[in-house]
Amino acid sequence: MKQMFLIGGTMGVGKTTVCQILKKKMEKAVFLDGDWCWDADPFQANEETKAMVMDNICHLLNNFIHCSAYETVIFCWVMHEQRIIQQILSSLDLTDCDVQIISLVCSEAALTERLQRDIQAGIRQEDVLERSIRRIRLYDKLATVKIDVSEISAESAAQQIMEMGMP
């Protein structure tokens, strides 16, 4: 049986870092960051590009699921609405696949501190702060396992996720 971890969270919460740790610690793991399927300049969010990124993500995830080289599929993206999660899940062949759906959450203060560091380092634009803070509360409404990363390391979050996948 394959394992799949869908890991959501607002921008700056640490999804990519946690998933990179998971990829290294888990057996025969593959990792897809949804942002890699939509890395464009200029970035455009419209109906056409939204449909394209969803198709890209689901196509790649299905390929990973069907590839015998992998036992664990790890995916992360900003999944702040239940419909995004459902759209992905409904497009995947989850036969013989155990799926864990997780949201990384944190306090507004922790998120602000993380994003401010990224902004100062030139990794993110300043407008990300307001958008990310607005989305924090949306994760409370999702049918996901919540892991509060406000005061824990990415390593600790990864360990908690690994324990969820243990039989």
Side-chain angles (χ1 to χ4, degrees), residues 1-40 43-106 111 131-132 134-150 152-167:
M1 166 124 3
K2 292 222 181 196
Q3 289 187 92
M4 174 176 265
F5 295 94
L6 298 180
I7 301 173
T10 194
M11 293 169 281
V13 79
K15 297 178 302 296
T16 301
T17 303
V18 168
C19 290
Q20 290 288 5
I21 293 168
L22 286 171
K23 179 183 72 179
K24 287 179 175 70
K25 290 187 169 241
M26 301 192 96
E27 295 280 322
K28 298 180 182 177
V30 62
F31 166 47
L32 175 64
D33 186 324
D35 290 346
W36 299 340
C37 297
W38 202 3
D39 187 0
F43 179 79
Q44 299 176 61
N46 57 46
E47 292 311 309
E48 180 184 16
T49 60
K50 288 177 184 179
M52 176 211 58
V53 74
M54 193 61 72
D55 183 62
N56 289 345
I57 287 168
C58 294
H59 182 81
L60 287 168
L61 289 176
N62 272 317
N63 281 346
F64 292 149
I65 289 168
H66 294 132
C67 182
S68 64
Y70 305 118
E71 293 177 4
T72 303
V73 179
I74 304 161
F75 171 70
C76 76
W77 200 28
V78 174
M79 294 181 282
H80 59 290
E81 297 173 351
Q82 193 67 40
R83 71 171 181 77
I84 296 169
I85 296 167
Q86 289 311 123
Q87 187 176 356
I88 292 169
L89 290 173
S90 69
S91 299
L92 300 179
D93 177 6
L94 297 174
T95 308
D96 297 321
C97 196
D98 179 41
V99 180
Q100 300 291 329
I101 308 167
I102 300 153
S103 294
L104 300 182
V105 297
C106 69
L111 184 61
R131 282 184 314 187
S132 293
R134 267 197 328 254
R135 287 184 174 158
I136 289 175
R137 283 153 199 72
L138 297 176
Y139 289 89
D140 293 338
K141 300 174 186 171
L142 301 179
T144 61
V145 174
K146 313 297 187 291
I147 297 178
D148 189 332
V149 296
S150 299
I152 65 170
S153 67
E155 188 79 32
S156 294
Q159 185 60 43
Q160 287 183 38
I161 292 168
M162 286 177 61
E163 290 168 6
M164 285 181 208
M166 303 287 179

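Keep in mind the model is a prediction, meaning the values are calculated, not measured.
- The nearest pair of heavy atoms linking Cys37 to Leu60 is SG-CD1, 3.7 Å.
- Of all heavy-atom pairs spanning Thr95 and Asp93, the tightest one is OG1-OD1, 2.8 Å.
- Using cut-offs of 30° and 60° on the angle between ring planes, the pair His80 and Tyr139 is tilted.
- Asn46 CG: more than 12 foreign heavy atoms inside a 6.0 Å radius.
- Using cut-offs of 30° and 60° for the angle between ring planes, the Tyr70 and Phe64 rings count as perpendicular.
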key: Test side-chain contact (heavy atoms from CB on, under 4.5 Å) applied to Thr144 and Met79, step by step   = CA-CA 10 Å; Thr144 61; Met79 294 181 282; over 6 Å; no

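- The minimum heavy-atom distance linking Val13 with Leu111 is given by the pair N-CD1, 4.1 Å.
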message = Is there a side-chain contact (heavy atoms from CB on, under 4.5 Å) between Gln100 and Gln3? Walk through the geometry before answering.
response = CA-CA 8 Å; Gln100 300 291 329; Gln3 289 187 92; 5.9 Å; no

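- Closest heavy-atom contact between Leu92 and Cys58: CD2-O, 3.8 Å.
- Of all non-hydrogen atoms in Val78 and Met11, the two that sit nearest each other are CG2-CG, 3.8 Å.
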inquiry  = Go through it in stages, so that I can follow the logic: the residues are Ile7 and Leu22, the test is side-chain contact (heavy atoms from CB on, under 4.5 Å), and I'd like the CA-CA distance, side-chain angles, deciding distance and then a yes or no.
reply    = CA-CA 11 Å; Ile7 301 173; Leu22 286 171; 3.7 Å; yes

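- Using a 3.5 Å distance cut-off with no hydrogens or angles, the side chains of Glu155 and Gln159 do not pair a donor with an acceptor.
- Scanning all heavy atoms of the two residues, the minimum distance from Gly8 to Lys15 falls at C-CD, 3.6 Å.
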